[in-house]
Amino acid sequence: GNGQCLIAFGDTNGEGWGGFGGGPRHADWRSNVLAFSTDRNPQDGLSFDGMVTDRPGHAAEILVSKKINEDEETVIPTAGISVGKRQIIHYMSVNFWPPFRPWVTNYAGFAYSDDGGRKWTKAPTAIWRNDAHNHNNFQMAALVKDEKWVYWFATRAGRQSAVYLARVPHARVLDKSAYRYWNGTDFKSSLEGEARPIVPRPVSELSVSYHRHFRRWLMTYLDPQRQAIVMRDAPALTGPWTGEKILLREREYPGLYGGYMHPWFMDKPEMYFMLSEWPLYNVAWMRAGLIPASVADAGNLLSNPGFEDVTKIEGLGVPWRLDGGGGLDRDLNFARSGRSNAYLRQHISGLNHIAQTICVRPGQAYRFTAWVRTSENNRRGSLGVQNRNGDVLQEKSFDRLGDYTRMSVNFTPDRHTTQVDVFVGMRVHHGQDTWMQIDDLSVVAL
């Protein structure tokens, strides 16, 4: 509201830092710190005008934490927004960081500042407590707003969650009872347990912003299975959100996470964002150039639809799942386009298929398309859509396809269905070596 951007950081060490990862605990540990910036030229980095301090030259902890492991280890900001002259931070109270599984939170909440971000108060009326299984869906956040509402894109603690959505009037951000949750159709539900995913798992450290140049909403986050920072886009906050596009890979930036977009720099065909790195314990300022999707790719809800994001031939690459015999053909001149295609091959009786989970909107019509060719002896190929209970919503059967052939089905989820699996596969008679090659899949809203 006063021409500044406030930038919140999580756990921060000072004098005595070990140089690798966090700690030690006595190394001037603060659970969170806050910077101010008026920098309008992103091309040469992002300059800070200052930070909230508790003594000259020393960044202060703005939200206190107990710093007791398996009680309250730390308090981490996950998102922020301004509403009028009030500054709002969403934070999570971390119980502890267990190795090799999702971290555990006590609760998530909102804190506010009425003096430009220098003093903060945790609002007792805006607390979302986690459950004993660490399964509460509203523990981490990305926040955006329009003229009337603040929208909360939320995930569970850790890095294995789908994305959920809620909204609240500007004047009632600190009132939990005023939040309404997206149930796949509308924001009428006051029960957070009735929220339905708008993006499938796994999502972590989420950021959402409107891109004024492209007139699209952008979503960035860490996909831990793909070991990459990815981006989705959508015409509206509620979707449909396209499949993932990879921005950065783990092998290029080891320990990467985050990908928090700066909302000021969204009026050119590019975006700027902050990237966290562990255990380097750094934050990097990043730029990504953006171009419009091709007509064929625009609006596609599938991630890695042509299997081009995979460099290893051992598998198809997440989020695709393979059931039965099959894998990836790469640089074998079998692809319909690009360098890669999926294949199924089996001689033992049974079902073989590839599948991917996507989020859909009840009552919206969609078209699922795949390009397929098969061996001469294929007699039981199929392409279709089923809900998460395994009930088939729509399916098309086919036999021999001598060259790549476009196969498609239209489907409309019922009012209870917000996630579906799309699949392409075949059933094989025992002893008959049968194969299928698949490429260039898409799901688009009609």
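Only heavy atoms go into these numbers, but all of them, side chains included; no hydrogens, no water, no symmetry mates.
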Review point. Is a salt bridge present between Asp114 and Lys85, judged by a nitrogen-to-oxygen distance below 4.0 Å?
Key: no
Exercise for review: Would you name the heavy atoms of Pro240 and Ala234 that are closest together and state the gap between them?
Suggested key: O-CB, 3.5 Å
Review point. Between the side chain of Glu205 and the main-chain N/O of Gly259, is any donor-acceptor distance below 3.5 Å?
Key: no
Point to revise | Heavy-atom donor-acceptor pair, Thr78 side chain to Ala141 backbone, under 3.5 Å | key: yes
Review point. In Å, rounded to the nearest 0.5 Å, how long is the span from CG of Leu6 to CD1 of Ile81?
Key: 12.5 Å
Point to revise | Atom CZ of Arg215: over 12 foreign heavy atoms under 6.0 Å | key: no
Review point. What closest approach, in Å, do Met261 and Leu218 show between heavy atoms, and which atom pair accounts for it?
Key: CE-O, 3.4 Å
Check your understanding: Any chance CD1 of Ile291 has more than 12 other-residue heavy atoms, nucleotides or ligands included, within less than 6.0 Å?
Key -> no
Check your understanding: Which class fits the ring pair Trp152 and His90: parallel under 30°, tilted 30 to 60°, perpendicular over 60°?
Key -> tilted
Review point. Under 3.5 Å, is there a donor-acceptor pair between the side chain of Glu70 and the main chain of Phe96?
Key: no
Practice item. Please lay out, stage by stage, how Gln356 and Val443 fare under the test side chain to side chain contact (heavy atoms under 4.5 Å, CB included). Key: CA-CA 11 Å; Gln356 185 175 141; Val443 175; over 6 Å; no
Review point. Any sub-3.5 Å donor-acceptor pair from Lys122's side-chain atoms to Val64's backbone N or O?
Key: yes
**Study point:** Residue pair Arg367 / Asn410, side-chain donor-acceptor N/O under 3.5 Å
**Key:** yes
Practice item. Output the distance between atom CH2 (Trp371) and atom OG (Ser442), rounded to the nearest 0.5 Å. Key: 10.0 Å
Point to revise | Side-chain heavy-atom pair Gln160, Gln225 within 4.5 angstrom cut-off | key: yes
Review point. How about Glu252: does its CD atom have over 12 heavy atoms from other parts shown lying under 6.0 Å from it?
Key: yes
**Study point:** Where Tyr257 and Leu275 come nearest, the two heavy atoms and their spacing
**Key:** O-CD1, 3.4 Å
**Study point:** Thr357 and Arg201 side chains, donor-acceptor separation under 3.5 Å
**Key:** no
Review point. Can you find a heavy atom in the side chain of Met286 that is under 4.5 Å from one in the side chain of Met274?
Key: no
Review point. With a 4.5 Å heavy-atom cut-off, do Val420 and Phe411 have their side chains touching?
Key: yes
Exercise for review: Measure centre to centre between the rings of Tyr181 and Phe138, then say whether the value is under 6.0 Å.
Suggested key: yes
Point to revise | Tyr253 side chain near Ile229 side chain, heavy-atom distance below 4.5 Å | key: no
Revision key, fill the gap. Residues 195-248 vs ring-ring contact (aromatic ring centres under 6.0 Å, His included), sequence neighbours excluded, gives Tyr210-Trp217, His211-Phe214
Check your understanding: Okay, side chain of Thr242, backbone of Asn300: is any donor-acceptor separation there less than 3.5 Å?
Key -> no
**Study point:** Arg118 to Phe36, cation-pi by 6.0 Å centre distance and 45° axis angle
**Key:** yes
Point to revise | Side chain Trp278, main chain Asn282, donor-acceptor under 3.5 Å | key: no
Review point. Quick one: does Ile127's side chain get under 4.5 Å of Lys176's, heavy atoms only?
Key: no
Exercise for review: Verify, without hydrogens or angle tests, whether Ser47 (side chain) and Asp39 (backbone) share a donor-acceptor contact under 3.5 angstrom.
Suggested key: no
Review point. Stepwise, does the side chain to side chain donor-acceptor pair (under 3.5 Å) test hold for Tyr281 with Asp11?
Key: CA-CA 9 Å; Tyr281 224 44; Asp11 286 313; 5.0 Å; no
Exercise for review: Keeping the roles fixed (side chain from Asn32, backbone from Val75), state whether a donor-acceptor pair exists under 3.5 Å.
Suggested key: yes
Point to revise | Short N-O contact, Lys188 and Glu194, less than 4.0 angstrom | key: no
Check your understanding: Cut-off 3.5 Å, side chains only: do Ser337 and Asp440 have a donor facing an acceptor?
Key -> yes
Exercise for review: Begin with the C-alpha distance, continue with both residues' side-chain angles, and end with the deciding distance and a verdict on side chain to side chain contact (heavy atoms under 4.5 Å, CB included) for Trp264 and Cys5.
Suggested key: CA-CA 9 Å; Trp264 284 358; Cys5 183; 3.8 Å; yes
Practice item. Compare every heavy atom of Val199 with every heavy atom of Val203, then report the nearest pair and how far apart it is. Key: CG2-CG1, 4.0 Å
Extract all donor-acceptor atom pairs below 3.5 Å that involve side chains of residues 97-110 and protein atoms in other chains or at least two apart in sequence.
residue : atom : partner : partner atom : Å
Thr105  : OG1  : Asn130  : ND2          : 2.8
Thr105  : OG1  : Gln139  : OE1          : 2.8
Asn106  : OD1  : Asn95   : ND2          : 2.8
Asn106  : ND2  : Asp71   : O            : 2.9
Asn106  : ND2  : Ser93   : OG           : 2.9

Practice item. Verify whether one side chain among Asn183 and Ser189 offers a donor that lies under 3.5 Å from an acceptor in the other. Key: no
Check your understanding: Can the ring centres of Phe187 and Trp149 be said to be less than 6.0 Å apart?
Key -> no
Point to revise | Spacing of OG belonging to Ser113 relative to CZ belonging to Arg86, to within rounding of 0.5 Å | key: 9.0 Å
Check your understanding: Which atom names give the shortest non-hydrogen contact between Val360 and Pro413, and what distance separates them?
Key -> CG2-CG, 3.5 Å
**Study point:** Ion pair check, Glu72 and Lys67, cut-off under 4.0 Å
**Key:** no
**Study point:** Side-chain (Ser294) to main-chain (Asp297) donor-acceptor, under 3.5 angstrom
**Key:** yes
Revision key, fill the gap. d(Ile198 CD1, Arg232 CZ) to nearest 0.5 Å is 9.5 Å
Review point. Just checking, any donor-acceptor pair under 3.5 angstrom between side chains of Glu192 and Asn136?
Key: yes
Exercise for review: Look only at the side chain of Gln386 and the backbone of Val422, and say whether a donor-acceptor pair between them is shorter than 3.5 Å.
Suggested key: no
Check your understanding: Any side-chain heavy atom of His58 within less than 4.5 Å of one from Arg30?
Key -> yes
**Study point:** Non-hydrogen side-chain atoms of Ile89 and Ile62 separated by less than 4.5 Å
**Key:** yes
**Study point:** Separation of Ile438 CD1 from His353 NE2 (nearest 0.5 Å)
**Key:** 10.5 Å
Check your understanding: Ala59 and Val33: which non-hydrogen atoms are nearest, and at how many Å?
Key -> CB-CG1, 3.8 Å
**Study point:** Residues forming a ring pair (Phe, Tyr, Trp, His ring centres under 6.0 Å) with Phe307, sequence neighbours excluded
**Key:** Trp320
Review point. Any side-chain heavy atom of Ile7 within less than 4.5 Å of one from Tyr260?
Key: no
Study note, to complete from the structure: Rounding to 0.5 Å, atoms CG (Leu393) and CG (Asp421) come to a distance of 9.5 Å
